[in-house]
Protein chains: 2
Amino acid sequence: MNGTSTMMDFLEEPLPGVGTYEDFNTIDWVREKSRDRDRHREITNRSKESTWALLHSVSDAFSGWLLMLLIGLLAGSLAGLIDISAHWMTDLKEGVCLAGFWFNHEHCCWKSNTTFTDRDKCPEWKSWSQLILGHGEGAFAYILNYLMYVIWALMFSLLAVLLVKGFAPYACGSGIPEIKTILSGFIIRGYLGKWTLVIKTITLVLAVSSGLSLGKEGPLVHVACCCGNILCHLFTKYRKNEAKRREVLSAAAAAGVSVAFGAPIGGVLFSLEEVSYYFPLKTLWRSFFAALVAAFTLRSINPFGNSRLVLFYVEFHMPWHLLELVPFILLGIFGGLWGAFFIRSNIAWCRRRKTTRLGKYPVLEVIVVTAITAILAFPNEYTRMSTSELISELFNDCGILDSSKLCEYVNDFNSTKGDDLPDRAAGPGVYTAMWQLALALIMKVFITIFTFGMKVPSGLFIPSMAVGAIAGRLLGVAVEQLAFYHHDWAIFSGWCSPGADCITPGLYAMVGAAACLGGVTRMTVSLVVIMFELTGGLEYIVPLMAAAMTSKWVADAIGREGIYDAHIRLNGYPFLEAKEEFSHKTRAMDVMRPRKSDPPLTVITQDTMTVEDVETIVTSTTYSGYPVVVSRASQRLVGFVLRRDLIISIENARKKQDGIVSTSIICFTDYCPPLPPSSPSVLKLRSILDLSPFTVTDETPMEIVVDIFRKLGLRQCLVTHNGKLLGIITKKDVLKHIAQMANQDPDSILFN
Amino acid sequence: MNGTSTMMDFLEEPLPGVGTYEDFNTIDWVREKSRDRDRHREITNRSKESTWALLHSVSDAFSGWLLMLLIGLLAGSLAGLIDISAHWMTDLKEGVCLAGFWFNHEHCCWKSNTTFTDRDKCPEWKSWSQLILGHGEGAFAYILNYLMYVIWALMFSLLAVLLVKGFAPYACGSGIPEIKTILSGFIIRGYLGKWTLVIKTITLVLAVSSGLSLGKEGPLVHVACCCGNILCHLFTKYRKNEAKRREVLSAAAAAGVSVAFGAPIGGVLFSLEEVSYYFPLKTLWRSFFAALVAAFTLRSINPFGNSRLVLFYVEFHMPWHLLELVPFILLGIFGGLWGAFFIRSNIAWCRRRKTTRLGKYPVLEVIVVTAITAILAFPNEYTRMSTSELISELFNDCGILDSSKLCEYVNDFNSTKGDDLPDRAAGPGVYTAMWQLALALIMKVFITIFTFGMKVPSGLFIPSMAVGAIAGRLLGVAVEQLAFYHHDWAIFSGWCSPGADCITPGLYAMVGAAACLGGVTRMTVSLVVIMFELTGGLEYIVPLMAAAMTSKWVADAIGREGIYDAHIRLNGYPFLEAKEEFSHKTRAMDVMRPRKSDPPLTVITQDTMTVEDVETIVTSTTYSGYPVVVSRASQRLVGFVLRRDLIISIENARKKQDGIVSTSIICFTDYCPPLPPSSPSVLKLRSILDLSPFTVTDETPMEIVVDIFRKLGLRQCLVTHNGKLLGIITKKDVLKHIAQMANQDPDSILFN
C-alpha cells in the first residue's frame with residue numbers, strides 16, 4: 001500500500017477541493033511533484049495498452065514544447081503591440097500626422113512623398129501649435145505645445161490609474177517581486193489572470209506614453225507570465241499542478257525579458273538568476289526556446305522599424321584601453337551608490353505611502369507626479385523625448401553624418417581617415433547637451449523615486465539605465481575632451497595620440513547604464529549578458545563586468561537587498577530567499593511550535609478519536625495541518641493530515657457515507673481495531689494521511705532546516721527528539737525566525 | 001549545546017583524520033557546508049575584535065575572487081601553451097622551418113623575407129623530402145614524406161601513452177566523466193593533482209599532434225580543473241572543505257571550456273548544464289569571472305595569430321530562409337543518429353577493452369590505432385590537416401579571394417555585385433573536395449570509436465564537430481547546386497533567383513557540427529550558446545536550435561544517456577544523476593538495509609555499551625557509520641556516528657586519556673549516568689555524534705528519497721516507522737536501486 005498513490009486514486013475521484021490550495025497560501029512542492037510523477041507514471045503505463053493512449057502519451061510529452069511556442073508567440077505579439085502603441089501615443093503628445101492620425105512621427109515622415117532636408121521635419125507631421133495656430137514659431141506656439149504635452153500626459157496617466165484601480169488592482173507596479181513570490185510557491189489568485197493581462201497591457205502603454213519616469217521592461221515580464229498562466233489552462237498537465245505551472249512561468253519570465261531587450265540568452269539567465277526558484281535543467285532549455293520564439297515574433301512585427309532584434313543596437317569600432325578601467329570602475333561606484341540610495345529612498349517613500357493617508361489617494365498621487373514630470377520634462381529636449389530614445393542616443397557612437405547636438409564636434413577633415421573619426425574638440429552643441437543632460441540626470445534621479453510604486457504599471461530597468469547612461473556619457477565626454485586637450489599627459493601617451501579615436505563616449509554610457517541597473521537590481525551574469533547581447537561584441541564584456549562587479553560590491557556594502565527583495569519584504573510576502581545563507585547558530589527547538597511555555601502540540605491519534613473530537617480540534621484551532629500519532633502517551637509519529645483535506649473528507653463522509661455520525665471513530669491505520677457491534681461504523685481516512693512527513697531532530701541547526709525548506713520546497717516539517725514528536729516548524733515560522741535574526745519585525749510576514 | 005558546533009571545536013584541535021574522507025568515498029555535503037558556515041561565523045565574530053581579524057575577514061571574503069583570477073590566468077596560459085606547441089608539432093610531421101626549427105609552418109612563412117605567390121609555400125619551410133632529398137617532387141619524395149608523417153605520429157603517440165602509463169594513469173581520456181563524479185561529491189585522490197596536470201598537459205600536446213582523431217577541448221576542462229584544485233591549496237577555506245572546493249572546480253570547468261572555444265558564456269552554461277552538481281548563484285558569477293579572465297589571457301597569448309577570441313571565427317553575410325529549416329532538421333536527425341551510434345559502439349568497444357585481454361596492451365593499442373590513422377590520413381588532404389583546421393575550413397564562407405579547393409566555383413564576374421557572391425556552379429575542385437570529404441567522413445566516423453577511451457588524453461568535441469561539419473558541408477553544397485541548377489523549382493522561387501546568394505554551405509557545416517556534438521554529449525543550451533559565440537550573430541540561433549533539438553530528440557529516442565553518463569555507468573562511478581526523474585513506485589522500506597530476511601540493524605546504545613562492545617561492532621562490520629539509539633528495546637533514534645570518527649576517537653582516548661580501558665562505558669548523552677566508584681572512567685563521545693541525522697519514514701516513496709539525496713547531497717539517511725528506527729539507506733543503496741530498476745546490474749556500482 002503506497003500512501004501517495006492511494007491518495008492519488010482518491011484525488012482522481014471528483015471530490016473537489018482535496019489537494020488544492022487556498023488563496024495566499026504556500027504550496028507543498030514535494031506533494032505537487034509527487035502528483036505529477038504519479039500522473040506521468042499512469043500515462044506511461046496506459047500508453048502500452050492502446051494506440052490512442054500512446055498518442056495521448058506522446059502529445060502529453062510534447063505539450064510542454066507546444067505551450068512554450070504559444071507563450072513565445074503571444075508574448076512577442078503583445079510586446080510588439082505595446083511597442084507600436086506606445087510609440088504612437090508618445091508622439092501624439094507633440095503632434096499628429098496629417099497623412100493618417102495612426103502614424104507616429106517616424107512613420108509619418110517615411111510615408112511622406114515630398115523631399116525635405118531634415119529627416120524629422122516633414123510637412124505631413126504637424127505639431128499641435130501648427131495644427132491649431134497654423135504656425136509653430138513664437139512664444140505662444142511654444143506655450144500651446146507645452147500645454148498640449150502636459151494635458152495629454154495627464155489624460156494618459158489618469159486613464160491608466162483609473163483602469164488599474166477599477167478593474168485590476170494587481171496590474172500596478174513592475175510585478176517582479178510578486179512573480180518571484182509566486183514562483184517560490186505562493187498562491188495569489190488573479191495576479192496572473194486574464195483581467196490583469198488585459199488591463200496591464202493597456203495601462204502599460206498609457207503609463208509609458210504619459211512620459212512618467214518608468215519603463216516597460218519589468219511589466220513585460222508580468223505580461224509574459226500572465227500569458228504563460230492563461231495558456232496553462234489549455235493543458236491539464238499544467239492547469240492542475242502548481243509545481244509544473246511554475247516551471248512554465250519561469251520560462252515565460254525569460255520570454256518577457258527576451259522581448260523587453262531582444263536578448264534571449266540574457267532573458268533565460270535573468271529568469272534563472274533573479275526570478276525563478278525551482279529551475280530544473282529541462283526548464284532551462286524550454287525557457288530558451290520560448291525566449292527565442294518570443295524574440296523572433298517581435299522581430300517579425302518589427303516595431304522599431306529596423307529589423308533589429310535588440311532595443312538599443314550599438315556598434316562600436318574602437319577597442320578600449322586598459323587604463324579606461326579606472327573611469328569604468330568609477331561608473332561602477334556611482335551605479336552602486338545610486339542603487340543603494342534609490343532603494344533606501346524608494347522603500348522609505350513606499351512605506352510612507354502604506355502607513356499614512358497618502359496611500360488613500362492613488363489617483364491624485366499619479367496626477368500630481370505626472371504633472372510635475374511633464375512640466376519639468378518639456379523644456380529639456382532630453383527629458384521630453386521618450387526614455388528609450390534618450391538611452392539610444394546616449395549609447396550611440398558619433399558618426400560623421402550624425403547631426404544630433406551630442407555629436408556637434410569641431411570637425412577637422414584633414415585628419416579624418418575614411419570612416420574612422422579621431423577624437424575632436426567638442427563644439428558648442430556638445431556643451432549645451434552636457435548641461436541639459438546634467439539637469440535631466442538630476443530630474444530623473446529624484447522623480448523615479450516617487451514614480452516606482454505608484455498605482456500604474458512601472459518598470460525600473462529603463463529609468464535606472466537612463467540615469468547611468470547620462471552619467472556615463474557625461475564622464476565619457478569629459479574623458480574624451482581631457483584626452484584631446486592633454487594628450488601629452490603620461491596617462492594618455494602611447495594610446496591616445498592626436499588624431500586617434502581613443503575614447504568612445506557611447507561605451508561609457510553603456511557601462512554607466514549597466515552599473516546603475518546592477519546597483520538597483522543586483523543582477524550579475526544576466527546583466528552582463530543582456531548588455532553583451534545589445535552590442536554583440538565580446539570585446540566589451542570586461543568593462544561591463546568591471547562596472548557591474550564594482551556596482552554590486554558598493555551597493556551590497558550599503559544594503560544587502562536589491563529593489564525586488566526590498567519590495568518583497570516591504571509587502572511581507574512569504575519569500576524564502578535562496579541566495580542568502582542563513583548564518584545564525586539557532587536550532588530547530590528554538591523555532592518550533594509549541595514554545596516551552598505554550599500548551600502541547602495539537603495532535604490527532606491514529607485510531608481512538610471520534611469524528612466529534614476531530615471536529616472540535618479543527619474548529620478550535622487554525623493550523624493548516626495536524627500530526628497523527630500512535631497515542632498521546634507515546635507521541636510516536638505516524639503521519640500528517642491537512643486541515644483542508646480533513647474538513648472536506650469529513651463533510652463528504654457525513655453527507656454520503658452511511659452510518660457516519662459524531663461518535664464514529666476516525667481511523668488512520670491500515671487495519672482498524674475491531675469495535676463492538678453496536679458502535680457506529682468507522683470512518684477510514686488513511687487515504688488523506690501523508691505517511692511520509694518530513695522530520696528533523698530538535699538539535700538540527702536552523703541553517704540545515706532553512707536549507708531543507710529551500711531546496712525541497714517544504715510547507716512544514718515536524719520536530720522530534722529521540723523518536724518522540726515534539727513540535728512543528730512551518731515555512732512561516734522559518735521566515736519569521738529569519739526576520740527576527742535580521743533584527744526585523746517578525747510580524748511583517750503576512751499570509752501562510 | 002549545539003551538536004555541529006561542538007564537533008567543530010573538537011575538529012579544530014589537532015586530531016588528524018576526524019572529518020576527512022578516505023579515497024573513493026562519497027562526501028557528506030550537509031556536513032561540509034555546515035563546517036564552512038561555522039568557519040565563516042567564527043571569522044565574522046572575530047572580525048569585531050581586532051583590526052587584524054577584520055583584515056583577515058576581508059581577505060577571506062575576497063580570496064574566492066583572487067582564486068578565480070589565478071585559475072583564469074593559469075588555465076588561459078596553459079591553453080595558450082598547448083595551442084602553440086600542438087600547432088608546431090603538428091606541422092613538424094610535414095616539415096621543418098629553416099629560419100628556426102621552433103617556428104610552425106604559418107609563422108615560418110610570416111618571418112620569410114622573400115616574396116612568393118602562394119602564402120603557404122615559402123622557401124624557408126622545407127618538407128622532409130625537400131630537406132633530405134633536396135626536392136619535393138616525384139613518387140619517392142611523396143613516399144618519404146608519407147613515411148616521415150607516420151613515423152612522427154607514432155613517436156608522438158608512443159611517448160604520450162608511455163608518459164600516461166608511467167607517471168599519471170589518471171591523465172588519459174577526456175576526464176569529464178570523472179570530473180562530473182568528483183563534483184557530485186566523490187573523492188578520487190590524485191585525479192586533479194599536480195602530476196596529472198603536468199602529464200596531461202604534455203601528453204595532450206603529443207596526442208593532438210600525432211594526428212589521432214581526438215580533440216583537446218575535453219581534456220582542457222580536466223587541465224583547468226587540475227589548476228583549480230592545485231590553487232585551492234593556497235587558501236585554507238578551500239583546501240579544507242570539500243564542498244567549497246567543488247564550487248571552485250565548477251568555475252574551473254567553465255574556464256576550461258571558455259579557453260577551449262573562446263566562449264566564456266558558453267563555458268559557464270556548460271559547467272552549469274553538463275558538469276556541475278551543486279551550482280549556487282554565487283558560483284555562477286564567479287565562474288563567469290574565471291571564464292572571462294581565462295579567455296582574455298588566452299587572447300593576449302594569441303596562439304591563433306589573429307587576436308580573435310574564438311577558435312572558429314566565422315562571419316556569414318546572408319540571412320537564412322525558413323525553408324532551409326528542412327535540411328537543418330535533416331542534419332539534426334543525422335547528428336542524433338550518429339550520436340547514438342557512436343555512444344553504443346564506443347561503449348561496446350570500451351567494455352570489450354575492460355573485460356578481454358585487449359585492455360592489457362594499452363601501448364600496443366595506441367600504436368596500432370595511430371598507425372592506421374596516420375596511414376589512412378596522409379593521402380587525403382582533409383584528414384592530413386589537423387581536425388580544427390579542417391573544421392575552420394568547412395565553416396568558412398567562400399569569399400572572392402579564397403583559393404582553397406572547396407571554393408573553386410565557376411566565376412561569372414558579370415553577375416557579381418561588390419562583395420556579395422551569388423550562388424555559382426561548382427567547379428571541378430569542389431567535386432574533388434566532395435569525394436575527399438566523403439572519404440574523410442567515413443574514416444572519422446569509424447576511427448573515432450576506437451580512439452576515444454584509449455590510454456591517451458582524448459576529447460570528443462572536435463571529432464564530433466568534424467563529422468557533423470563534413471556532413472553539413474556536403475549537404476550544403478548539394479543544396480546550393482540544386483538551387484543553382486533548379487532555381488525555377490517552386491521551393492526556390494521567391495528567395496533563390498539566379499544571381500542571388502541564397503545558400504551558405506559554411507552555415508550548414510556549422511549546423512551539422514552542432515547537431516553531431518549535441519547527439520554525442522546531449523548538451524542543449526550550452527551547445528547553442530557556444531556555437532552562437534563562435535559566430536556572434538543572433539541570426540543563426542534558430543537553425544542551431546532546430547538542429548540541436550532534433551538531434552537530442554532523435555538520440556534520446558535511441559538511448560537516454562549521453563557519452564559522459566554512459567562512461568560513468570561503464571566505470572561504475574557512484575554518480576546520482578540530477579537530470580533523470582526517478583519514476584518507479586518503490587518505497588524506502590524496499591531499499592533500506594537490513595532487508596526483511598537479514599539480521600537487525602547494527603546500532604550503538606547511547607550510554608550502556610563499553611569500549612570493547614563498540615570495538616567488536618566496528619571490527620565485525622564494514623559499515624561507514626552507526627545509528628545511536630536510546631536502548632535496543634525502544635529503538636528510539638538519538639543520532640549517528642561515523643565509523644572513521646569512532647575509530648580515531650577511541651584510539652586517541654586509549655592512548656591519551658587516563659582510565660579508558662576496554663570496560664569503560666561509552667556515553668553519547670549530555671549527562672552520563674552515575675556509575676559505581678570502582679568502575680573505570682566514562683568515555684564521552686557526544687562531540688562526534690551527529691545529533692541531526694536525516695530520517696524518512698518507511699512509507700516514503702523512493703522518488704522523494706532520491707530527490708532528498710540529490711538536493712541535499714546526503715551520504716546516508718535513516719528509516720523509521722512510527723518513531724522507531726528500522727533501517728538505513730546509503731547513497732550506494734540508492735544508486736544500486738536505480739540501476740536495478742533500470743534493469744542494469746546493481747553490482748556495477750563500485751566504491752562507497
Side-chain angles (χ1 to χ4, degrees), chain A residues 2-5 30 33-34 37 40-41 44 264-265 268 273 281-282 284-285 288-289 292 296 309 524-525 528-529 532-533 536-538 541-542 545 549 578-579 581 583 585 587 630 634-639 691-693 695-697 699-701 703-704 707-708 711-712 720 722-725, chain B residues 2-5 30 33-34 37 40-41 44 264-265 268 273 281-282 284-285 288-289 292 296 309 524-525 528-529 532-533 536-538 541-542 545 549 578-579 581 583 585 587 630 634-639 691-693 695-697 699-701 703-704 707-708 711-712 720 722-725:
Chain A
N2 180 317
T4 317
S5 79
V30 180
K33 280 188 272 177
S34 275
R37 275 188 290 243
H40 185 72
R41 200 147 43 210
T44 316
I265 302 170
V268 173
E273 191 184 345
L281 281 174
K282 212 170 58 181
L284 188 72
W285 187 214
F288 190 50
F289 178 70
L292 258 185
F296 274 83
L309 199 57
T524 56
V525 182
V528 176
V529 173
F532 156 69
E533 282 187 88
L538 276 174
I541 287 196
V542 173
M545 184 145 190
M549 219 146 112
K579 280 177 235 166
E581 295 261 331
S583 61
K585 282 181 83 168
R587 280 163 300 159
V630 174
S634 75
Q635 290 284 340
R636 286 179 187 269
L637 181 69
V638 177
L691 285 167
S692 51
T695 55
V696 294
T697 65
E699 293 277 358
T700 311
E703 51 193 36
I704 294 180
D707 230 38
I708 297 175
K711 291 200 176 140
L712 302 177
T720 60
N722 290 5
K724 279 189 187 183
L725 180 66
Chain B
N2 180 317
T4 317
S5 80
V30 180
K33 279 189 271 176
S34 274
R37 275 189 288 245
H40 185 72
R41 202 151 38 211
T44 316
I265 301 171
V268 173
E273 191 183 347
L281 280 173
K282 212 169 58 181
L284 187 73
W285 186 217
F288 190 50
F289 179 68
L292 258 187
F296 275 83
L309 200 56
T524 55
V525 182
V528 176
V529 173
F532 156 68
E533 283 187 86
L538 276 174
I541 287 196
V542 172
M545 183 144 193
M549 219 145 113
K579 280 177 231 164
E581 295 260 330
S583 60
K585 280 182 84 169
R587 280 163 301 157
V630 174
S634 76
Q635 290 283 340
R636 285 178 189 269
L637 180 68
V638 176
L691 287 166
S692 52
T695 56
V696 294
T697 65
E699 294 276 0
T700 310
E703 52 193 37
I704 294 180
D707 229 38
I708 297 176
K711 291 202 177 141
L712 302 176
T720 60
N722 290 6
K724 279 190 188 183
L725 180 67

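Values reported hereafter were calculated over all heavy atoms of this structure, with side chains retained and with hydrogens, waters and symmetry mates removed. Residue numbers start from 1 in every chain, and the chains themselves are labelled A, B, ... in the order their sequence lines are given, proteins ahead of strands.
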How many angstroms lie between atom [atom1] of [X] and atom [atom2] of [Y], to the nearest 0.5 angstrom?
{"X": "A/F296", "Y": "B/M545", "atom1": "CZ", "atom2": "CE", "value": "11.0 Å"}
{"X": "A/K585", "Y": "B/R37", "atom1": "NZ", "atom2": "CZ", "value": "13.0 Å"}
{"X": "A/S634", "Y": "B/R636", "atom1": "OG", "atom2": "CZ", "value": "6.5 Å"}
{"X": "A/T524", "Y": "B/F289", "atom1": "OG1", "atom2": "CZ", "value": "13.0 Å"}
{"X": "B/I704", "Y": "A/L712", "atom1": "CD1", "atom2": "CG", "value": "9.5 Å"}
{"X": "A/S692", "Y": "B/E699", "atom1": "OG", "atom2": "CD", "value": "8.5 Å"}

- Query: What do the steps show when you test B/W285 against A/M549 for side chain to side chain contact (heavy atoms under 4.5 Å, CB included), and what is the final call?
  - Reply: CA-CA 9 Å; B/W285 186 217; A/M549 219 146 112; 3.9 Å; yes

- Query: Which pair of non-hydrogen atoms, one from B/T697 and one from A/L691, has the smallest distance, and what is that distance?
  - Reply: OG1-O, 2.8 Å

- Item | Nearest heavy atoms of B/S34 and A/E703, plus distance in Å | OG-OE2, 3.5 Å

Heavy-atom distances under 4.5 Å only: say whether [X] touches chain B with side chain, backbone, both or neither.
{"X": "A/T720", "result": "neither"}
{"X": "A/V268", "result": "neither"}
{"X": "A/I708", "result": "both"}
{"X": "A/V696", "result": "neither"}
{"X": "A/K33", "result": "side chain"}

- Task: State whether the number of non-hydrogen atoms from other residues, nucleotides or ligands found under 6.0 Å of A/K711 atom NZ is greater than 12.
- Result: yes

- What option among B/L725, B/V630, B/V525 has the most heavy-atom pairs under 4.5 Å with chain A? B/V525

- Specify which of B/T700, B/D707, B/T44 makes the most heavy-atom pairs with chain A at under 4.5 Å. B/T700

- Any chance the side chains of B/T695 and A/T695 put a donor and an acceptor closer than 3.5 Å? yes

- Contacting moiety of B/L637, where chain A heavy atoms sit under 4.5 Å: backbone

